[in-house]
Amino acid sequence: MKEKKKKKIDWSLDRGWQTPQILPYQRITLDPTVCVFHYGFECFEGMKAYKDARGRLRLFRPRINMERFKKSAARVALPSFDSEELLKLIAEFVQVEERFVLLKEEYSLYLRTVLMGTSGGLGVTAPTSALLYIVASPVGEYYGEGYSGISLEATNGSIATRAWPGGAGRHKVGGNYAPCVAPEKTAQSHGYQQCLWLFGDDDAITEAGTMNIFISLRVSKSERFELVTPPLDGVILPGITRDCILKLAQEKLEHLGWLVDERKIIMVELAAASDSGALLEIFGTGTAAIVSPVEKIKWGQKIIKCGPSENHKAADLASLMTAG
Ligand SMILES: *Cc1c(COP(=O)(O)O)cnc(C)c1O
């Protein structure tokens, strides 16, 4: 990691937000009783800065990150903020760190924005002081060479549930992530890289690892194709990459006769599509992993091969979506 500086802003209930500062990367000193350590009063955002073909700095759809960050903060009783002001600060920070934003395909500056409660005392109450900071790190290709797609182990409530209706799974709050790591280690001990998180008795597909999931298939008894992603029904993180893929697909695929759907899809349907040859491809989406093809999914004793079918290469959909 090559973080060089961080941007820091303190907040307290009686004084509000203090003057933001850009400081050298450094440690944070906090009292052992602060609420973030004990009860997880924390939320975050992940976004990227790029340089465009003309070398200008660009943030990728950052207003959506700011709005999502605000909702996450509200869910865990952290203070609100003016998202346009925060965006200005992030833009200023990126300007200062411009030399780390490489003008090279697949390279970007990853920005991690964190908000945490810093009041102490061990009471489970709304934080009366908070700290917001941003650290940055240049990132390149997410997967190395020779990479052929990720493998997933379908994980349902008999092992672990990532999110549930009314819970906090739709928000980027720190408490959602640690409980997913032990199940992921279990999947890894079986030779799979990440969990495909299922929900409910019918094994509905929700997300994979920390990515939203897309499935393309041939509609049964028809010549039409469909791109499906599970709906934002409260157990799914509303990914910004997900939203981009949906918009692109509507623009590029619908006029070619494709159906682009946000709908519930269960493992039985996926397995049947795979068995009948109707399954074309599966991919995950997220800011860090961008678009990641899925190679196979283990569901109970069944292994579902997700690689591209004979007459449909993984690149087909990607090239359809980026054409024009
Ligand atoms: C961040 C995240 C995503 C992807 O969201 P993007 O906005 O596309 O980066 C998906 N699932 C989870 C659980 C996440 O935390």
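Note that ligands are numbered from 1 as they come in the structure, with each ligand's atoms numbered from 1 the same way.
Annotation: salt bridge (charged side-chain N to carboxylate O under 4.0 Å, His left out) contacts of Lys88 (sequence neighbours excluded): Glu85. Looking at residues two or more places apart in sequence or on another chain, you find no side chain to side chain donor-acceptor pair (under 3.5 Å) involving Tyr39. Partners of Glu251 under the salt bridge (charged side-chain N to carboxylate O under 4.0 Å, His left out) rule, at least two apart in sequence or in another chain, do not exist in this structure.
The existence of a salt bridge linking Asp202 and Lys264 is confirmed by a sub-4.0 Å separation between a basic side-chain nitrogen and an acidic carboxylate oxygen. Using a cutoff of 4.0 Å between basic side-chain nitrogens and carboxylate oxygens, Glu223 and Arg218 are not scored as salt-bridged. A salt bridge is defined here as a Lys NZ or Arg NE, NH1 or NH2 lying under 4.0 Å from an Asp or Glu carboxylate O, and Glu269 with Arg263 meets this definition.
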Distances for all N or O pairs of ligand 1 and the protein under 3.5 Å?
from     : atom 1 : to     : atom 2 : distance (Å)
ligand 1 : 7 (O)  : Arg68  : NH1    : 2.8
ligand 1 : 7 (O)  : Arg68  : NH2    : 3.1
ligand 1 : 7 (O)  : Ile240 : N      : 2.7
ligand 1 : 8 (O)  : Ile240 : N      : 3.2
ligand 1 : 8 (O)  : Thr241 : N      : 3.0
ligand 1 : 8 (O)  : Thr241 : OG1    : 2.6
ligand 1 : 9 (O)  : Thr287 : N      : 2.8
ligand 1 : 9 (O)  : Thr287 : OG1    : 2.6
ligand 1 : 11 (N) : Glu207 : OE1    : 2.5
ligand 1 : 15 (O) : Lys172 : NZ     : 2.7
ligand 1 : 15 (O) : Tyr177 : OH     : 2.5

